[in-house]
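Heads up, the thing below is written out as structure tokens.
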Amino acid sequence: MATGIYRTPPPRNEPVREYAPDSLERTHLKNRLEELYRTELEVLPIIGGRRVRTSRTAALTCPHEHAHRLGLAHLAGRTELEWAVAAALGAGHEWARMPFEHRAAVFLKAAELLAGPLRDTLNAASMLALSKSAHQAEIDAACELVDYLRFNVHFARQLMELQPESAPGVWNRVELRPLGGFVLAVTPFNFTSIAANLPTAPALMGNTVVWKPAASAVYPAHFIMELLHQAGLPEGVINLVPAPAAELGEVVLPHPELAGLHFTGSTEVFNHLWQAIAGQLGRYRRYPRLVGETGGKDFVFVHPSAHLDEAVTALTRGAFEYQGQKCSAASRAYLPESLWPELREAMLAQLARVRLGDPRDFSNFMNAVIDRRAFERIRAAIAEARATPGTELVAGGGSRDEPGYFIEPTVLRVDDPRARVMREEIFGPVLSVFVYPDREFEATLELCDQTSPYALTGSFFATDRRAIALACDRLAEAAGNFYVNDKPTGAVVGQQPFGGGRASGTNDKSGSPLNLQRWVSVRTIKENFLPPTDFSYGFNKQA
Ligand code: NAD
């Protein structure tokens, strides 16, 4: 067989398109939005390459216009889940033996298809089904996903290059094998890129996958499968099963061949899955690898030396883009007393310019929250905070559920820095603010570190270098992704590997070699060119 030691193409981050008025790219995206909006799609489980109809269906709607149907999803049940596991196991042998360059080529081709001909489709699908603005869809469904696909190939190659030393007469090698069995990917609603990365990263390393998307993100999942199909991914390598959570727990989790769980979502659900797996440990043929990136209560900490406009812009973008439904969204802020009056005015001035509505209207900065459950949960959190003594509503607070689930960008100022809204994830457009006395800067750093169980992202704004150095040190455990003079959202693959500690997850840093190494089981081979031919050692010899 012809072979070579191949270099993988140098990865580069996909440039973000502007979609400026009168641009061709804006016209193309708007056309695709209208086409998808007017077509009813049938989304089916895809198992072993076959699209499977089932007896249970669910309507797919737009969060910003819940009366509008985008299509109908067929839900997988026990039988389909059993098939999906069988399909993944059936495809495993051949996929594991497929030379790396051929596996990699599938995902590199997917990256180019997405950067080019399928870009508008994935963006439009994410805008309609997830209620993302053109910019939010572009940085997620197009750019971040292209980046995952390109950079993961590069990182896999780097992992393969990590080879051991060899003593004279010996050649030591390590090879990266897939885990064996199958990997279960359980994905969140809020990022199309994460939804695609969780099944594709283990697949690149030679594993086959059962993929359960979030119920509200089944529509973009259909187009991700279409992308992978067009890129030539063999049947059965990734099996899409939109299924109710309970049945997943009955059929897939207890399967003896479960080799890993690649999860992103809430801390509560990850804890539940970990406990379910731990409780059945004796059933498995190998220890399942558990990777979970979970919730956050991300902070913006402003020092009195900070530039006001920079801090306010980071708060507006960090807290309210995509309606605060990013795991990295700013949801608590520590602001110095000396700057508060000006910060407050500047924030109110920015928020007065924020428009809320349908993502097909590009002048809207914010859109709807994902579904009625989220809408009710966020409204309840705002109402509870407002009823708590010592809480002031600084901005927003309003909401309406027609034609979609709209919640105004809301700012709450709390007297109690340990109030519930400073500790718990709300996952909506709600920013809680604690105004601290300037002289208590150091004590407030401590407070910021100790208030919430999460440690995902955090930002520190200052011009005073001593203050920056102190914050980097005191907040070392408070965030897996720490930003100095930048907003806490918008990590870029290949530039800021992403993930947090404490209750925010296993911090395996998606979009880095650290994540990929969780999906391989290493075999070490020692080959001896001149093996000894007698058992005795020098010290055994007679003098
Ligand atoms: P979620 O936890 O409600 O759902 C995540 C996935 O788990 C979905 O596919 C859901 O259907 C599934 N699920 C729910 N219950 C289950 C069960 N009992 N058994 C099996 N599967 C089950 O989260 P979500 O609402 O989709 O996403 C929002 C959450 O995700 C937030 O907490 C956010 O912080 C987190 N998130 C974290 C990151 C990160 O990188 N740390 C990124 C994105 C989102």
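Every number for a ligand or one of its atoms is a count from 1 in the order of the listing.
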Short list, please: which atoms of ligand 1 are under 4.0 Å from a heavy atom of A214? 8 (C), 9 (O)
Can you see whether Q323 engages Y405 through a side-chain donor-acceptor pair at a distance of less than 3.5 angstrom? no
Under a plain distance cut-off of 3.5 Å, with no hydrogens placed, do Y148 and N515 share a side-chain donor-acceptor pair? no
Counting heavy atoms only, which part of H272 comes closer than 4.0 Å to ligand 1: side chain, backbone, both or neither? side chain
Y334 side chain to R332 side chain, donor-acceptor N/O pair below 3.5 angstrom: yes
Close-contact set for ligand 1 against I194 heavy atoms, below 4.0 Å: 42 (C), 43 (C)
Measure up the F182 and H255 rings against each other and bin them: parallel (under 30°), tilted (30 to 60°), perpendicular (over 60°). perpendicular
Contact region, P213 to ligand 1, non-hydrogen atoms below 4.0 Å, reads backbone
To atom 29 (C) of ligand 1, the nearest of G265, S328, S331, A329 on a heavy-atom basis is G265
Which segment of T294 sits under 4.0 Å of ligand 1 when only heavy atoms are counted: backbone
Nearest non-hydrogen partners of A141 and L122, listed with the distance: CB-O, 3.7 Å
What protein heavy atom lies closest to atom 3 (O) of ligand 1? Include the residue and the distance to one decimal. S266 OG, 4.2 Å
Looking only at protein heavy atoms, identify the closest one to atom 36 (N) of ligand 1 and say how far it is in Å. C327 CB, 3.4 Å
Nearest non-hydrogen protein atom to atom 8 (C) of ligand 1, with distance, is T187 O, 3.2 Å
Test of understanding: with side chain to side chain donor-acceptor pair (under 3.5 Å), list the residues that count as partners of Q517, not counting sequence neighbours. none
Face-on cation placement of K326 at F191 ring, 6.0 Å and 45° thresholds: no
Ligand 1 to L273, heavy atom cutoff 4.0 Å, flagged ligand atoms 19 (N), 20 (C)
Less than 4.0 Å between atom 11 (O) of ligand 1 and some protein heavy atom, yes or no? yes
How far is atom 17 (C) of ligand 1 from the closest protein heavy atom, and which atom is that? A245 CB, 3.3 Å
Does F498 approach ligand 1 within less than 4.0 angstrom via side chain, backbone, both or neither, non-hydrogen atoms only? side chain
With under 30° as parallel and over 60° as perpendicular, where do the rings of F155 and F151 fit, or are they tilted in between? tilted
With side chain to side chain contact (heavy atoms under 4.5 Å, CB included) as the test, pick out the partner of L261 among V183, V186, V291. V186
State whether the shortest distance between N or O atoms of K212 and N or O atoms of ligand 1 falls below 3.5 angstrom. yes
Between ligand 1 and F270, can you find any atom pair, the residue atom being a heavy atom, that is separated by under 4.0 Å? no
For H74, which of R56, E80, E42, R51 qualifies under side chain to side chain donor-acceptor pair (under 3.5 Å)? E42
For a quick test of your reading: what N or O donor-acceptor pairs under 3.5 Å do the side chains of residues 197-205 make, sequence neighbours left out?
unit_1, atom_1, unit_2, atom_2, d
N197, OD1, N152, ND2, 3.1
T200, OG1, A196, O, 2.7

Tell me the protein heavy atom at minimum distance from atom 24 (P) of ligand 1, and give that distance in Å. F189 CD2, 3.8 Å
Suppose we measure from atom 32 (O) of ligand 1 to each protein heavy atom; which comes out shortest, and what is that distance? E425 OE1, 2.7 Å
For ligand 1, which atoms sit closer than 4.0 Å to a heavy atom of P188? 26 (O), 27 (O)
Close side-chain approach of L351 to F320, heavy-atom, < 4.5 Å: yes
For a quick check under 3.5 Å, do D298 and T457 share a side-chain donor-acceptor pair by atom type? yes
Look at atom 33 (C) of ligand 1 and say which protein heavy atom is nearest, naming residue and atom and giving the distance to 0.1 Å. F427 CE1, 3.3 Å
Contact atoms of ligand 1, heavy-atom distance to V269 under 4.0 Å: 2 (O), 7 (O), 13 (N), 14 (C), 15 (N), 16 (C), 22 (C)
Any chance CD of Q450 has more than 12 other-residue heavy atoms, nucleotides or ligands included, within less than 6.0 Å? yes
K326 and ligand 1 - part of the residue with a heavy-atom distance under 4.0 Å: neither
Check each heavy atom of N190 against ligand 1 and say whether those closer than 4.0 Å belong to the side chain, the backbone, both or neither. side chain
Do me a favour and list the nearest non-hydrogen protein atom to atom 7 (O) of ligand 1 with residue, atom name and distance? V186 CG1, 3.3 Å
